2 protein chains.
Amino acid sequence: MKSLSHSEENYLKEIFHLSGLTEKRVSTNGLAARLNTKASSITDMLQKLSEKKLVEYVKYKGCFLTEEGERIAIQIIRKHRLWETFLVNKLSFGWEEVHDVAEQLEHIDSTKLIDSLDRFLNYPKFDPHGDPIPDKDGNIVYRKSKIKLIDAAINSRVEIVRVNEDSLALLKFLERHHLTLGTEIDVLEKFPFDDSMSIRIGDQPETNLSKKVTENIGVKFISKL
Amino acid sequence: MKSLSHSEENYLKEIFHLSGLTEKRVSTNGLAARLNTKASSITDMLQKLSEKKLVEYVKYKGCFLTEEGERIAIQIIRKHRLWETFLVNKLSFGWEEVHDVAEQLEHIDSTKLIDSLDRFLNYPKFDPHGDPIPDKDGNIVYRKSKIKLIDAAINSRVEIVRVNEDSLALLKFLERHHLTLGTEIDVLEKFPFDDSMSIRIGDQPETNLSKKVTENIGVKFISKL
DNA sequence: CATTATTTTTAGACATGCCTAAAAATTTAA
DNA sequence: TTAAATTTTTAGGCATGTCTAAAAATAATG
Ligand SMILES: [Mn+2]
Ligand SMILES: [Mn+2]
Ligand SMILES: [Mn+2]
Ligand SMILES: [Mn+2]
């Protein structure tokens with residue numbers, strides 16, 4: 001109904017992300033870390049959001065979103081991902097440049113605007129990082145059969161369908177090594193010593209990817225080698 | 001340098017609009033009316049903006065923008081008008097629907113975004129209401145030889161080049177009567193009694209426009225009738 | 001299970017931006 | 001040019017969202 005502050009919206013969004021698909025309770029410290037604030041600020045805000053029936057909160061027990069809270073969170077995520085898509089597809093931004101601007105744009109309050117943008121972009125299903133874009137009713141189609149590259153089987157060919165956008169450094173690394181969405185990767189070998197992985201892209205020379213990289217890439221199986 | 005709050009930006013923008021092209025001092029009450037706040041709030045803010053060297057302020061004497069303040073104000077206006085243009089040209093908004101959303105979008109902080117948008121829109125010179133769009137360096141090209149319809153000579157044909165966007169009701173009225181930018185109007189007669197004006201558009205039947213309408217439309221001379 | 005260690009909440013403060021009511025300065029007009 | 005009207009500023013408060021420091025609750029450990 002009435003509109004929320006940027007801060008409140010950011011809290012809802014982060015609670016949604018942290019609680020994942022399950023209705024897992026989210027801890028105060030967990031939220032504090034993600035929102036770059038102190039635990040005491042989190043407590044203050046949770047009391048307010050609880051008052052507004054947007055989160056279920058029990059002292060010392062963490063919180064989770066109510067239905068209404070989740071509905072709002074999903075709409076913010078919809079806006080965020082549509083704007084990222086606009087920036088990349090229409091304004092030629094790099095995928096590592098869009099997140100910060102989208103953090104601002106996601107708070108623009110206009111249903112007509114976001115639905116028009118959705119149409120203008122031709123109802124995209126995924127954002128530039130491969131994350132699903134909720135539709136106007138809040139439905140999210142998660143990609144089934146998506147696994148982390150680190151879990152992909154040896155001697156299989158997989159396609160990159162998602163990257164974790166949280167780290168700017170990761171996105172730059174991937175860009176630099178041509179590891180973009182749609183790229184097909186041959187998984188050659190895994191090294192238990194440091195959990196790194198040797199891969200090949202097309203007929204380029206073989207390279208080694210660290211655990212930190214492979215656990216932040218989502219892929220889908222294409223074929224055996 | 002460092003970024004300003006939405007509120008501070010709105011103050012700068014309104015001071016710019018109120019002081020017009022001259023370096024006219026702006027009064028506290030004048031600002032209060034435009035910003036929908038109380039005079040005391042204006043005083044508070046002017047002291048802060050003065051502290052930051054964005055306005056020149058003398059107690060009881062009103063204020064005007066410093067060079068830096070004006071530079072910032074113009075950039076906000078640039079953003080506002082580019083976003084309005086985007087909404088109308090790309091997302092098919094009506095010209096009466098764009099202002100409120102642009103009021104939000106104008107505060108998004110990203111030079112790269114606004115310059116990309118400018119390019120995407122093909123460097124438009126005027127917004128949907130006929131107001132000039134400042135370029136990235138802050139240059140504003142005002143349309144010369146633009147007069148108010150109310151001042152147009154009898155028996156002349158003029159073209160609508162600008163409408164005052166302040167009133168939503170006016171924009172709806174104009175839309176309804178096909179008085180859009182580019183429309184050519186024949187000025188037939190003026191009535192001193194109520195300062196109304198009889199006009200004709202093409203071969204449509206003659207109509208009468210009130211003072212309130214004609215003083216809020218900007219036109220340029222096309223030809224004698 | 002008793003004692004630490006960790007997490008979370010409360011208490012008290014501060015900055016921002018706004019308000020009302022009252023005081024002060026300026027403007028208008030008799 | 002003095003008195004009244006108007007404008008503007010100050011004083012004191014309130015809500016929001018954040019912080020630090022201290023207290024309380026919960027979790028971990030021997
Ligand atoms: Mn993002
Ligand atoms: Mn994304
Ligand atoms: Mn506008
Ligand atoms: Mn406009």
Side-chain angles (χ1 to χ4, degrees), chain A residues 1-16 18-19 24-65 69 72-73 76 103-104 106-109, chain B residues 1-16 18-19 24-65 69 72-73 76 103-104 106-109:
Chain A
M1 302 291 104
K2 69 168 180 320
S3 83
L4 303 173
S5 70
H6 288 199
S7 226
E8 290 170 318
E9 292 191 347
N10 286 334
Y11 274 77
L12 295 179
K13 192 179 53 156
E14 279 312 329
I15 295 168
F16 181 86
L18 285 177
S19 70
K24 200 164 52 196
R25 299 194 88 92
V26 172
S27 75
T28 301
N29 269 359
L31 267 174
R34 294 275 299 183
L35 290 166
N36 291 306
T37 55
K38 296 304 160 72
S40 57
S41 306
I42 302 292
T43 301
D44 287 348
M45 184 60 97
L46 288 183
Q47 287 167 347
K48 207 183 338 167
L49 292 174
S50 176
E51 191 60 43
K52 295 188 180 181
K53 307 279 190 217
L54 298 174
V55 308
E56 212 68 71
Y57 165 65
V58 181
K59 256 195 197 183
Y60 294 103
K61 297 294 178 188
C63 69
F64 57 89
L65 295 176
I72 295 170
I76 298 161
E103 283 293 309
Q104 298 180 61
E106 72 189 4
H107 301 293
I108 301 292
D109 179 28
Chain B
M1 304 290 106
K2 69 168 179 321
S3 83
L4 302 174
S5 70
H6 288 199
S7 225
E8 290 171 318
E9 291 191 348
N10 286 334
Y11 275 76
L12 294 181
K13 191 178 54 155
E14 279 313 328
I15 294 168
F16 182 86
L18 286 177
S19 71
K24 199 163 52 195
R25 300 194 87 95
V26 172
S27 75
T28 300
N29 270 359
L31 267 173
R34 293 276 299 185
L35 290 167
N36 292 305
T37 55
K38 296 305 161 72
S40 56
S41 306
I42 302 292
T43 301
D44 286 349
M45 184 61 97
L46 288 183
Q47 286 167 348
K48 207 186 332 168
L49 292 174
S50 175
E51 190 61 42
K52 294 188 180 182
K53 308 281 190 213
L54 298 174
V55 307
E56 212 67 70
Y57 166 64
V58 180
K59 257 194 194 184
Y60 294 103
K61 297 296 178 188
C63 69
F64 58 88
L65 297 175
I72 295 170
I76 298 162
E103 283 292 309
Q104 297 180 63
E106 72 189 4
H107 300 292
I108 301 293
D109 179 28

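Chain A is the first sequence line, chain B the second, and so forth, proteins listed ahead of strands; every chain is numbered from 1. Here the structure is a predicted model, which means the values were calculated and not measured.
Between the side chain of A:Q104 and the backbone N or O of B:D109, at least one donor-acceptor pair lies under 3.5 Å. A donor-acceptor pair under 3.5 Å is formed between the side chain of B:S19 and the backbone N or O of B:I15.
Atom CG of B:N29 and atom P of D:dA5 are 18 Å apart (whole Å). The CG atom of B:L31 sits 10 Å away from the P atom of D:dT8 (whole-angstrom rounding). Atom NZ in A:K38 sits about 17 Å away from atom P in C:dC14, given to the nearest Å. Note: OH (A:Y57) to P (D:dA25) measures 13 Å, nearest angstrom. Here the P atom of nucleotide D:dT18 and the CG atom of A:L49 are 11 Å apart, to the nearest Å. Computed from coordinates, the B:M45 CE to C:dA15 P distance equals 16 Å when rounded to whole Å. Atom CD of B:Q47 is separated from atom P of C:dA15 by 16 Å (rounded to the nearest Å). Look at CG on A:D44: it is 10 Å from C1' on C:dA11, rounded to the nearest Å.
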Review item, nucleotides 23-26 of chain C N/O atoms under 3.5 Å of protein N/O:
unit_1	atom_1	unit_2	atom_2	d
C:dA25	O4'	B:Y60	OH	3.4

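With the nearest nucleotide of DNA chain C identified for both A:T43 and B:T37, A:T43 has the one nearer the 5' end. Across the interface with DNA chain D, nearest-nucleotide mapping of A:S7 and B:T28 shows B:T28 to be the residue nearer the 5′ end.
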Check against side chain to side chain contact (heavy atoms under 4.5 Å, CB included), B:L12 and B:V55: CA-CA 8 Å; B:L12 294 181; B:V55 307; 4.0 Å; yes
A:S7 and A:M45: CA distance, side-chain angles, deciding distance, side chain to side chain contact (heavy atoms under 4.5 Å, CB included) verdict: CA-CA 9 Å; A:S7 226; A:M45 184 60 97; 3.8 Å; yes
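Classification of the A:H107-A:H6 ring pair by plane angle, with boundaries at 30° and 60°, yields parallel.
One finds no side-chain N or O of B:S27 lying less than 4.0 angstrom from the OP1 or OP2 phosphate oxygen of D:dT7.
Using a 4.0 Å heavy-atom distance criterion, A:S41 is classed as a base contact.
Note on B:K61 versus B:E56: no salt bridge recorded, every NZ/NE/NH1/NH2 to OD/OE distance being 4.0 Å or above.
With hydrogens and angles ignored, a donor-acceptor pair closer than 3.5 Å exists between the side chain of A:S40 and the base of D:dT20.
Residues passing the salt bridge (charged side-chain N to carboxylate O under 4.0 Å, His left out) test with B:E8, sequence neighbours excluded: B:K52.
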